[in-house]
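The block underneath contains the structure these notes are about, expressed in structure tokens.
The chains referred to below are lettered A, B, ... by the order of the sequence lines, with proteins before strands, and numbering in each begins at 1. Computed from a predicted model, the values in this text were never measured in an experiment.
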Protein chains: 2
Amino acid sequence: MQKQPTIRDVAQAAGVSVAVVSRVLNPGSGPVAAATRARVNDVMKTLGYHPRTAARELKYGPPTTLGLLLADVSNPFFARLADQVVQEAHARGIQVLLMTTQEDDQLESERLATLIERRVSGIIATPTGNNLATWKQLQDLGTDVVFVDRSIPSLPEVDVVSIDNFESARSATALLAAHGHRRIGIISGPAASTTGRERIAGYRQALETAGLEQDELLIRHAAFRGPAGGDAASALLNLEEPPTALVVANTAQVTEVLRRLSHAGIDIPRTLSVIVFDDSPWTELMTPALTIVRQPIDLLARHSVQLALSNTQGKTPGKPNVIRVAAELVERSSVARLQFSK
Amino acid sequence: MQKQPTIRDVAQAAGVSVAVVSRVLNPGSGPVAAATRARVNDVMKTLGYHPRTAARELKYGPPTTLGLLLADVSNPFFARLADQVVQEAHARGIQVLLMTTQEDDQLESERLATLIERRVSGIIATPTGNNLATWKQLQDLGTDVVFVDRSIPSLPEVDVVSIDNFESARSATALLAAHGHRRIGIISGPAASTTGRERIAGYRQALETAGLEQDELLIRHAAFRGPAGGDAASALLNLEEPPTALVVANTAQVTEVLRRLSHAGIDIPRTLSVIVFDDSPWTELMTPALTIVRQPIDLLARHSVQLALSNTQGKTPGKPNVIRVAAELVERSSVARLQFSK
DNA sequence: AAAATAAGTGGAACCGGTACACTTTTATGT
DNA sequence: ACATAAAAGTGTACCGGTTCCACTTATTTT
């Protein structure tokens with residue numbers, strides 16, 4: 001752990017001033033003779049010199065770092081999102097600081113504090129729904145905040161990127177109705193979340209259009225974490241008049257819900273038809289292959305990164321910016337056509 | 001985007017010197033009267049002051065950031081690893097810069113450069129196998145480098161954390177042999193990777209112990225990315241004398257291989273028994289539930305973070321440090337007992 | 001009560017780059 | 001050859017914290 005060479009070491013070794021070295025480092029910032037440039041580059045190589053980002057960032061705030069604050073990267077949906085965001089950011093020469101909240105307000109608050117201290121230029125987050133003051137503060141500080149997948153209703157001025165939750169849930173439900181299902185259950189995100197509410201709304205709309213009765217017992221909200229998702233599934237199965245079809249619209253808990261169904265020995269699609277909000281590769285590997293709502297994660301990522309860097313790039317396209325991308329209903333084999341319906 | 005308050009703004013507003021504010025910021029660095037401390041804290045709150053990490057890091061290298069360089073976070077194995085590493089790091093007050101290589105030498109090289117410029121205190125990586133000079137340079141610079149899951153043979157002095165690949169593959173293969181299988185195939189990582197080679201070695205050992213003939217046609221190496229995994233699966237199925245059992249030991253491509261098997265209409269376990277190296281939640285949801293080798297990702301993460309911060313924490317426990325954690329063979333339903341064997 | 005010790009505070013150098021203002025060298029035009 | 005402009009290079013203040021050292025003011029010791 002020897003001490004690293006600085007720009008002054010390089011300047012001295014090359015027999016020039018630090019200003020010249022700096023110019024070599026930042027092409028276009030000033031003229032340097034070709035010979036000098038070559039000599040300086042040589043010296044940098046032999047000394048193993050690398051400029052320190054920290055020093056650079058001190059002068060101008062860093063447009064070089066982005067905070068990505070997700071609930072939980074072990075969830076495939078968020079993992080894929082993280083992967084895409086990182087790639088998108090790298091393509092723009094931006095680094096990504098990854099943080100996780102585990103859906104915990106307190107943790108979220110701490111993570112936000114460190115992001116503030118790092119003066120990241122933008123934050124892409126799946127908010128827990130609290131820490132309103134901090135989110136506001138961030139905006140005031142000029143940090144570009146983008147909520148992805150979910151949002152917070154009481155913070156309407158924050159940018160949001162998500163799929164069209166209403167329409168996705170509506171079309172999924174409509175598909176089930178078209179297959180003759182009359183008792184269709186739905187497990188969605190928490191009632192406090194926009195995601196959860198919008199999907200339920202789409203579901204209701206579809207039922208209404210199909211002329212089906214709405215039974216509140218068939219509508220379940222489940223927290224993003226914990227056993228709630230599984231419990232909701234069990235509850236639906238144990239109803240006096242259980243559903244013949246189920247929309248699992250809580251992206252964060254799809255696996256958990258499916259595990260319960262599987263353990264309960266449910267035969268899909270014979271006793272229960274299923275559509276899930278998740279396009280993990282394994283949904284196709286299951287028997288039967290699951291009919292899914294595919295979220296275009298690449299688009300979510302691209303738009304998020306773009307918005308999160310909008311300030312940096314000068315253009316602030318009339319906040320708040322709400323981007324809804326279309327989700328795709330992929331029909332596979334987990335939906336049965338009911339024979340004797342009506 | 002107004003300009004943010006600095007430590008001098010706070011000092012002035014509180015009627016003290018910057019030195020005092022700094023002491024308030026870093027408790028234990030010097031005495032401050034209780035009344036003064038309270039006043040300074042008040043001012044910081046009303047001004048919305050947050051110290052800048054970049055400035056802080058300038059004085060002393062940052063023991064506050066860790067680089068995590070993974071092949072691909074959309075792969076569940078790496079995703080879970082990332083999640084655990086982030087949690088482990090956060091528990092120590094360390095931030096994680098996430099980068100991905102997509103198994104590309106060039107990209108890896110670029111990511112390493114930015115990590116060097118950021119002077120991260122440690123790097124946890126799944127190396128592509130190239131960029132030897134850069135890895136060496138990093139070590140010389142005093143950065144703690146830890147290879148996780150894989151390693152590079154020609155860099156024996158770098159720390160490694162992984163499962164016991166030899167023993168895991170051996171026991172998986174032995175299980176199949178004990179069930180009467182005589183033609184057991186294996187798809188492992190690239191021959192150039194330690195992971196791939198060690199798993200093959202364990203496989204051979206098990207065959208030898210069981211007194212089974214070794215057929216080189218049954219041994220397939222597949223690159224971590226691309227169609228190679230699927231192709232290897234197809235090739236095995238199309239053999240004149242195809243295997244009755246298969247060990248999928250290429251963690252990075254398990255899904256890809258299974259997709260091929262599924263598309264080929266293979267009945268598991270009737271026509272083909274399968275054991276895979278992956279403990280994603282969905283392996284249990286499939287029909288049949290897959291018998292797997294479970295990698296203790298939490299342990300991998302914990303040890304990696306620990307080693308990656310060892311220099312920072314003063315203790316350099318005799319490099320190189322090779323930590324092998326035990327993997328667990330979880331028997332489920334994808335292995336059939338052959339009736340008329342021998 | 002004098003001397004020794006501790007507590008509280010302020011001034012300024014420093015970390016490693018960047019960029020502005022400036023001087024010196026080289027090239028261009030007629 | 002001479003004026004003029006452009007190119008190449010230098011010196012140094014600055015970014016926002018941390019910390020050493022000097023200094024003043026309480027508190028304790030004998």
| Want to settle it: does B:Arg8 or A:Pro31 sit nearer the 5' end of DNA chain D, counting the closest nucleotide to each? |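 Looking at DNA chain D, the more 5' nearest nucleotide goes with A:Pro31.
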| query | Going by the side-chain hydrogen bond (donor to acceptor under 3.5 Å, both in side chains) test, which pairs reach into residues 103-113 of chain A, not counting sequence neighbours? | reply | A:Glu103-A:Arg150, A:Asp105-A:Thr128, A:Glu108-A:Thr128, A:Glu108-A:Asn131, A:Arg111-B:His90
| task | Output yes when a side-chain donor or acceptor of B:Ser304 lies under 3.5 Å from a complementary backbone atom of B:Leu300, and no otherwise. | result | yes
| message | Using a 4.0 Å heavy-atom cut-off, does A:Val20 contact any base of the nucleic acid, only the sugar-phosphate backbone, or nothing at all? | response | base
| request: For A:Val21, answer base if it contacts any base atom (sugar-phosphate contacts may also be present), sugar-phosphate if it contacts only those atoms, and nothing otherwise; contact means non-hydrogen atoms under 4.0 Å. | output: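 The residue A:Val21 makes no contact with any strand.
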| request: Indicate for each nucleotide in nucleotides 19-28 of chain C, in 5' to 3' sequence, whether protein heavy atoms under 4.0 Å reach the base (B), only the sugar-phosphate (S), or nothing (-). | output: B-B-------
Whole-Å distance between [N] [atom2] and [X] [atom1]?
X	N	atom1	atom2	result
B:Glu57	D:dT18	CD	C1'	14 Å
A:Ile7	C:dC14	CD1	P	18 Å
A:Gln12	D:dG9	CD	P	18 Å
A:Asp9	C:dG17	CG	P	9 Å
A:Arg37	D:dA8	CZ	C1'	11 Å

On the nucleotide [N], are OP1 or OP2 found under 4.0 Å from the side-chain N or O atoms that [X] carries?
X	N	answer
A:Thr36	D:dA8	no
B:Arg52	D:dG17	no
B:Thr6	D:dG16	no

| said: By nearest heavy atom, map B:Ala33 and A:His50 onto DNA chain C; which one lands nearer the 5' end? | reply: B:Ala33
| message | Under the side chain to side chain contact (heavy atoms under 4.5 Å, CB included) test against A:Leu69, which residue among A:Val148, A:Leu112, A:Ile124, A:Thr100 passes? | response | A:Leu112
| field | Nearest-0.5 Å distance that lies between atom CG in A:Asp298 and atom NE2 in A:His303 | value | 10.0 Å
| For B:Ala71 against B:Thr126, the heavy-atom pair lying closest together | N-OG1, 3.1 Å
| query | Which pair of heavy atoms, one from A:Asp144 and one from A:Ser310, lies closest together, and at what distance? | reply |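 Result for this residue pair: OD1-OG, 3.4 Å.
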| Intermediate values then yes/no, side chain to side chain contact (heavy atoms under 4.5 Å, CB included), A:Ile116 and A:Leu138 | CA-CA 7 Å; A:Ile116 290 179; A:Leu138 271 164; 3.6 Å; yes
| said: Counting only side-chain heavy atoms from C-beta out, which of C:dC15, C:dG17, C:dG10 sits nearest to B:Leu58? | reply: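 Nearest nucleotide to the side chain: C:dC15.
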